[in-house]
Amino acid sequence: MKVVILGGGIGGLSTAYYLQKLTQHKIIVVEASNRLGGWIRSHKLPDGLILEEGPRTLRPRGEPGLNTLALVDDLKLSDKIRKIPSSHPAARNRYVYVNGQLHALPTSLKALFRKTPPFSKPLISAFFHDFKSKPKYVEDDSIYSFVERRFGKEIADYAISPLICGICGGNARNISVNFLLSHFFQCEQKYGSIVKNYLRPWNWTRKKSVSLSDTAQKAIKEKWSAYSFYDGLESLPQTLAERIQQDGVTIHKNCLPERIDFRKKLIYSDNGEMPFDLLVSAIPAHNLAKLLYKDYYFHLAKPLQGIAYTSIVTVNLVFHKPVLKIQGFGFLTPPSENLPILGTIFDSCYAPFKDWTVLTVMMGGHSFDKYFSENCSEETLVQIATQNVQKILNIDCQPDMHQVAVLRNCIPQHLVGHQHRIANILTYIKQEELPLFLIGNAFKGTGINDVILSAKETADQVLNYGKKDDEFGLPRYKIDYL
């Protein structure tokens with residue numbers, strides 16, 4: 001059986017990795033560009049400095065985080081990890097820019113009982129707010145509305161709104177709480193309150209232990225907050241690509257798919273026809289929609305096309321001397337500040353290099369069209385980034401070096417009702433018996449860890465293809481072709 005995987009990003013490469021461990025199927029990865037890794041891209045300069053164009057760190061927590069650490073062990077990358085312990089300034093110090101000032105977010109238990117700007121009350125009051133607030137029983141809601149209802153307006157404005165900007169470049173007033181914060185949303189729907197749920201007796205029982213990889217055990221013991229790699233985060237997809245090719249997976253780069261026909265099980269591309277038995281799509285939803293015969297697959301193409309994406313600009317600024325008066329992971333800006341930047345990461349705090357200062361300014365996202373035109377020059381982008389960080393961080397000099405990346409349509413926006421849309425898509429695929437599997441941050445989770453775990457689960461589904469629904473892994477939803 002031939003399994004073709006569309007997309008050579010972390011999702012496609014991880015799926016190929018897990019599949020080749022489980023089956024003897026012929027596996028082919030098809031990538032339209034001339035490189036692998038997707039939005040993960042690390043630029044290593046001649047002097048050894050690493051500039052990250054996209055994501056730069058991973059978190060070791062939860063099932064997705066522990067699964068990635070197991071993958072890191074399998075790939076023998078553990079000795080190349082750059083860890084960030086919870087005691088490090090990059091883990092302890094995070095800032096938000098509100099009302100023209102930088103404010104350190106509370107990180108200790110004591111801080112919950114003190115009034116800390118920009119909040120007008122101690123944060124412990126937010127828990128009492130949740131305890132006494134009435135629930136709202138709905139199928140979905142925006143993250144902003146949910147947090148404002150449960151914890152108050154200030155938490156929604158100054159904590160969650162900038163956090164959503166940092167996670168997906170989105171506006172919390174539009175993003176689905178039932179997708180991005182599903183666990184907390186279900187606490188309200190089932191128990192009327194988040195705090196009440198955590199006060200229930202079963203939450204105090206010891207959780208069942210799970211088997212952990214060596215690196216996962218080390219991360220827990222040493223209390224890692226996050227980690228990356230000494231040669232940059234791109235080490236992960238690069239090593240994945242090398243391993244799967246060694247194990248017999250075929251990778252085609254510069255192969256641009258033009259059309260998919262599930263009736264004939266053919267992919268038409270600029271390189272000719274490619275037959276398949278099963279197809280795994282690890283490309284953006286709107287790109288997949290463009291490949292489908294609209295006359296035959298309208299009810300699949302339409303909801304795929306309807307998943308919104310946003311564009312991000314990253315500007316790496318390098319100063320050949322220390323310029324920061326504070327240390328930490330960085331700062332975020334809420335939409336209420338009406339600034340063109342989403343936030344800034346202090347790269348040189350967690351990955352020091354000589355006495356240089358390296359900052360990554362994130363811009364665009366939900367406000368991309370508001371501040372940036374299609375033909376915005378690199379000089380303009382650097383100027384906007386530099387002026388904003390100079391003002392916010394009180395820097396009185398110009399950067400000695402810069403790098404700009406415009407990542408168009410890179411992050412899906414899980415708008416209110418997103419779960420319903422995904423349910424329709426999966427149900428249609430199952431009902432029409434299409435040999436298609438979907439992975440990526442549009443469908444399950446938003447981070448790299450989520451995508452890798454989704455790839456592992458998809459490999460299991462491929463193995464069970466054609467069996468009954470419970471084994472196939474797709475939920476049973478009522479179809480609604482909208």
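Values below: every heavy atom of this structure, side chains too, minus hydrogens, waters and symmetry copies.
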Taking the basic N atoms (NZ, or NE/NH1/NH2) and the acidic carboxylate oxygens, is any pair closer than 4.0 Å for [X] and [Y]?
X: Arg149; Y: Asp141; value: yes
X: Glu52; Y: Arg41; value: no
X: Lys134; Y: Glu188; value: no

Stepwise side chain to side chain donor-acceptor pair (under 3.5 Å) check, Thr360 with Arg56 = CA-CA 10 Å; Thr360 299; Arg56 63 212 58 226; 2.8 Å; yes
Hey, is the main chain of [Y] close enough, under 3.5 Å, to the side chain of [X] for a donor-acceptor pair?
X: Gln20; Y: Val249; result: no
X: Asp130; Y: Ala126; result: no
X: Ser42; Y: Leu233; result: yes
X: Asp450; Y: Thr446; result: yes
X: His88; Y: Ala90; result: yes
X: Thr314; Y: Glu53; result: yes
X: Ser225; Y: Ala91; result: no
X: Thr23; Y: Leu19; result: no
X: Thr310; Y: Gly365; result: yes
X: Ser182; Y: Phe179; result: no

Determine whether [X] and [Y] make a side-chain contact, defined as any pair of heavy atoms from C-beta on separated by less than 4.5 Å.
X: Ile384; Y: Val313; answer: no
X: Ile143; Y: Ile164; answer: yes
X: Pro340; Y: Asn388; answer: yes
X: Asn99; Y: Tyr158; answer: yes
X: Val98; Y: Pro334; answer: yes
X: Trp39; Y: Leu407; answer: yes
X: Leu342; Y: Leu332; answer: no
X: Asn449; Y: Leu453; answer: no

message = Set out, in order, the CA-CA distance, both residues' side-chain angles and the distance that settles side chain to side chain contact (heavy atoms under 4.5 Å, CB included) for Ile425 and Leu438, then state yes or no.
response = CA-CA 10 Å; Ile425 291 171; Leu438 305 175; 3.5 Å; yes
key: Asp74 and Lys21: CA distance, side-chain angles, deciding distance, salt bridge (charged side-chain N to carboxylate O under 4.0 Å, His left out) verdict   = CA-CA 11 Å; Asp74 288 346; Lys21 291 181 67 176; 3.4 Å; yes
Distance in Å, [X] [atom1] paired with [Y] [atom2], rounded so as to fall on 0.5 Å steps:
X: Leu71; Y: Leu77; atom1: CG; atom2: CG; answer: 8.0 Å
X: Phe437; Y: Leu426; atom1: CZ; atom2: CG; answer: 11.0 Å
X: Leu102; Y: Leu105; atom1: CG; atom2: CG; answer: 10.0 Å
X: Cys410; Y: Ile312; atom1: SG; atom2: CD1; answer: 5.0 Å
X: Ser33; Y: Leu256; atom1: OG; atom2: CG; answer: 10.0 Å
X: Glu222; Y: Thr215; atom1: CD; atom2: OG1; answer: 10.0 Å

When you check the side-chain N and O atoms of [X] and [Y], is any donor under 3.5 Å from an acceptor?
X: Lys153; Y: Tyr144; result: yes
X: Asp140; Y: Ser176; result: yes
X: Ser133; Y: Arg150; result: no

Could you report the tightest heavy-atom contact between [X] and [Y], atom names first, then the distance?
X: Gly232; Y: Ser235; result: O-OG, 2.9 Å
X: Ala289; Y: Gln305; result: CB-OE1, 3.6 Å
X: Asp73; Y: Ser213; result: OD2-CB, 3.2 Å
X: Gln413; Y: Asn171; result: OE1-N, 4.5 Å
X: Tyr297; Y: Ile260; result: CE1-O, 4.3 Å
X: Ala455; Y: Thr15; result: CB-OG1, 3.3 Å

query = Does the ring center of His129 lie less than 6.0 Å from the ring center of Phe151?
reply = no
ask   = Does His286 have its ring centroid less than 6.0 Å away from the ring centroid of Tyr309?
value =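 Between Tyr309 and His286, which both carry aromatic rings, the centre distance is below 6.0 Å.
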ask   = Is it the case that Arg94 places NZ or CZ above or below the six-membered ring of Phe331, under 6.0 angstrom from the centre and within 45 degrees of the axis?
value = no
Where does the angle between the aromatic ring planes of [X] and [Y] fall among parallel (under 30°), tilted (30 to 60°) and perpendicular (over 60°)?
X: His414; Y: His418; answer: perpendicular
X: Phe262; Y: Phe276; answer: perpendicular
X: Phe372; Y: Phe368; answer: tilted

query = Picking from Arg263, Arg259, Lys265, what satisfies salt bridge (Lys or Arg N to Asp or Glu O under 4.0 Å) with Asp261?
reply = Arg263
message = Working note: Asn287 + Lys290, criterion side chain to side chain contact (heavy atoms under 4.5 Å, CB included); need CA distance, chi angles, decisive distance, verdict.
response = CA-CA 5 Å; Asn287 287 347; Lys290 294 175 184 177; 4.2 Å; yes
inquiry  = Evaluate Ile28 against Ile5 for side chain to side chain contact (heavy atoms under 4.5 Å, CB included), listing each step before the verdict.
reply    = CA-CA 6 Å; Ile28 300 174; Ile5 301 172; over 6 Å; no
Does atom [atom1] ([X]) have a neighbourhood of more than 12 heavy atoms from anything else shown, all under 6.0 Å?
X: Arg82; atom1: CZ; value: yes
X: Glu63; atom1: CD; value: no
X: Tyr371; atom1: OH; value: yes

inquiry  = Using the rule given for side chain to side chain contact (heavy atoms under 4.5 Å, CB included), can you reason through Val4 versus Val280, listing the C-alpha separation, both sets of side-chain angles and the distance that settles it, and then say yes or no?
reply    = CA-CA 6 Å; Val4 175; Val280 179; over 6 Å; no
message = Could you go through Arg35 and Glu234, starting from their C-alpha distance and side-chain angles, then the distance that decides it, and tell me whether this counts as salt bridge (charged side-chain N to carboxylate O under 4.0 Å, His left out)?
response = CA-CA 11 Å; Arg35 62 174 295 274; Glu234 195 175 354; 3.0 Å; yes
